*Asks:* 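I have a structure here, written as structure tokens, and I will follow up with some questions on it.
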Amino acid sequence: MKGLLIGGFTTLGTGTGAMLTLQTQAGLDPLHTLISEYAFHPIGWLLPASLTLFAVGAAFIAEGLRRSGAGRGAASLVAVWGVCMLLLGLFPTDPPGFELSMSGAIHRYAGFVAFLVMPVAGLLLVRAKAHYARAMKALSGVAIAALVLVVLPYLVRMAGVPVDNADIPAGLTQRLVVLSEVGLLLLLGLHLVRLPQASGHRTPRLVTVQHAAPAAPVAAGTSRSLAA
């Protein structure tokens, strides 16, 4: 378990560092520019690198959840989130102004699934009385609320109302989802740290001591016959 946690925190931390470097050095507008569009920047290679590291980190945390027995449903959802992160890195979005391609469609729907499953995993562990349950509940709520704000412009466009990302803070809402979900994944790892198996301490098992039945008393007549 300890090796899984070290691997999970290391890859998640490295992926977060790569993502922050991209966001601060690219010089794009964080309020309106979607994270996916950073792939077209000269240092855009940091985006798939970061997403791949997130995927590996999620795999470590999911395996830790599975082994700990903390919740198979949550472990499966975290694994799905990791697969979606990998797909987001492998299939870039379309450049602004281009029609939706297959790569862009995979990127879009993988992102939607990822944004949806992580808060559900957090709420499952909240229901199971996990450590840091209050923080998990808060981050899950932020992620769900931000996801609604991310999806809303797409629904408005489908209704025939032309809405551009420049008209709304689409970049901000997307970043809120990513920050809350990566933070939630880190909390899942910290929950595993608090479990006895992670620190090498095992819960002592109760040992049942079976006492031998008392010997039946020997009849007085029998003892006399043996003495004779």
Side-chain angles (χ1 to χ4, degrees), residues 1-21 35 48-89 110-148 174-210:
M1 178 70 76
K2 187 178 293 185
L4 289 173
L5 293 176
I6 292 174
F9 287 132
T10 300
T11 50
L12 289 176
T14 306
T16 301
M19 181 67 75
L20 289 176
T21 300
I35 297 176
S50 175
L51 295 173
T52 301
L53 288 167
F54 286 159
V56 175
F60 281 123
I61 300 299
E63 179 61 15
L65 289 171
R66 188 192 68 82
R67 291 189 185 184
S68 69
R72 291 189 175 182
S76 299
L77 291 176
V78 172
V80 170
W81 188 90
V83 172
C84 289
M85 289 296 108
L86 191 60
L87 291 174
L88 287 172
F112 175 76
V113 172
F115 291 166
L116 182 63
V117 298
M118 182 58 73
V120 175
L123 292 176
L124 286 177
L125 285 177
V126 169
R127 187 177 179 181
K129 308 296 182 183
H131 298 290
Y132 310 103
R134 289 185 178 180
M136 288 184 189
K137 186 176 182 180
L139 285 179
S140 297
V142 171
I144 292 173
L147 176 59
V148 172
Q174 192 183 68
R175 282 162 177 77
L176 283 176
V177 178
V178 174
L179 285 174
S180 59
E181 297 202 353
V182 173
L184 185 56
L185 187 58
L186 290 172
L187 282 180
L188 299 184
L190 291 176
H191 161 69
L192 292 174
V193 172
R194 294 280 300 273
L195 296 179
Q197 296 89 341
S199 58
H201 300 294
R202 294 183 178 274
T203 305
R205 294 189 305 172
L206 296 177
V207 179
T208 304
V209 180
Q210 295 182 351

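No experiment lies behind these values; they were computed from the predicted model shown.
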*Asks:* Give the minimum heavy-atom separation between Gly15 and Ser50, together with the two atoms involved.
*Replies:*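 Between these two residues, the closest heavy atoms are O-OG, 2.8 Å.
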*Asks:* Nearest 0.5 Å, please: how far is CD1 in Ile35 from CG in Leu88?
*Replies:*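 Reported to 0.5 Å precision, the distance equals 10.0 Å.
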*Asks:* Pairs under 3.5 angstrom only: tabulate donor-acceptor contacts from the side chains of residues 119-133 to other protein residues two or more places apart or in another chain.
*Replies:*
none

*Asks:* Can you measure from CE (Met136) to CG (Leu185) and round to the nearest 0.5 angstrom?
*Replies:*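 Met136 atom CE to Leu185 atom CG measures 10.0 Å (nearest 0.5 Å).
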*Asks:* Are any of the side-chain heavy atoms of Val193 and Phe9 separated by less than 4.5 Å?
*Replies:*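 They are in side-chain contact.
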*Asks:* Restricting to non-hydrogen atoms, name the atom on Val177 and the atom on Ala143 that form the minimum distance, rounded to 0.1 Å.
*Replies:*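 Smallest interatomic distance, heavy atoms only, reads CG2-O, 4.2 Å.
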*Asks:* Show, in sequence, the C-alpha distance, side-chain angles and deciding distance for Phe54 and Thr16, and conclude whether the side-chain contact (heavy atoms from CB on, under 4.5 Å) test is met.
*Replies:* CA-CA 8 Å; Phe54 286 159; Thr16 301; 3.7 Å; yes
*Asks:* Treating Thr10 as the side-chain partner and Gly7 as the backbone partner, does any N or O pair qualify as donor plus acceptor under 3.5 Å?
*Replies:*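 Pair absent, no side-chain N/O of Thr10 close to backbone of Gly7.
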*Asks:* Could you tell me whether the side chain of Leu12 reaches within less than 4.5 Å of the side chain of Phe60, counting heavy atoms only?
*Replies:*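 Phe60 does not reach Leu12 side chain to side chain.
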*Asks:* Give the minimum heavy-atom separation between Leu139 and Gly183, together with the two atoms involved.
*Replies:*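 Of all heavy-atom pairs spanning Leu139 and Gly183, the closest is CD1-C, 3.7 Å.
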*Asks:* Of all the heavy-atom pairs spanning Leu65 and Ala75, show the shortest one and how long it is.
*Replies:*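 Reported closest heavy-atom pair: CB-CB, 3.8 Å.
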*Asks:* What distance separates Ile61 CD1 from Leu4 CG, expressed to the nearest 0.5 Å?
*Replies:*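 Between Ile61 CD1 and Leu4 CG, I get 8.0 Å after rounding to 0.5 Å.
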*Asks:* So, taking the atom named CG in Leu192 and the one named CG in Leu187, what distance separates them when rounded to the nearest 0.5 Å?
*Replies:*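 Nearest 0.5 Å value for the CG-CG distance: 11.0 Å.
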*Asks:* With a 4.5 Å limit on heavy-atom distance, are the side chains of Leu53 and Met19 in contact?
*Replies:*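 No, side chains not in contact.
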*Asks:* Would you give the length of the straight line joining atom SG of Cys84 to atom CE of Met118, rounded to the nearest 0.5 angstrom?
*Replies:*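 Nearest 0.5 Å value for the SG-CE distance: 10.0 Å.
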*Asks:* State the CZ-OG distance between Arg175 and Ser180, to the nearest 0.5 angstrom.
*Replies:*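 Here the rounded value is 13.5 Å.
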*Asks:* Among residues two or more places apart or on two chains, list those pairs meeting side chain to side chain donor-acceptor pair (under 3.5 Å) that have a residue in residues 80-89.
*Replies:*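 For residues 80-89: Trp81-Glu181.
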*Asks:* Could you report the tightest heavy-atom contact between Gly82 and Ala58, atom names first, then the distance?
*Replies:*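 Heavy atoms only, the tightest pair is CA-CB, 3.8 Å.
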*Asks:* Quick one, Phe115 with Val178, criterion side-chain contact (heavy atoms from CB on, under 4.5 Å). Give me CA distance, side-chain angles, the key distance, then yes/no.
*Replies:* CA-CA 8 Å; Phe115 291 166; Val178 174; 4.1 Å; yes
*Asks:* Return yes if some donor-acceptor pair links the side-chain N/O of Thr14 with the main-chain N/O of Thr11 below 3.5 Å, else return no.
*Replies:*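 Absent.
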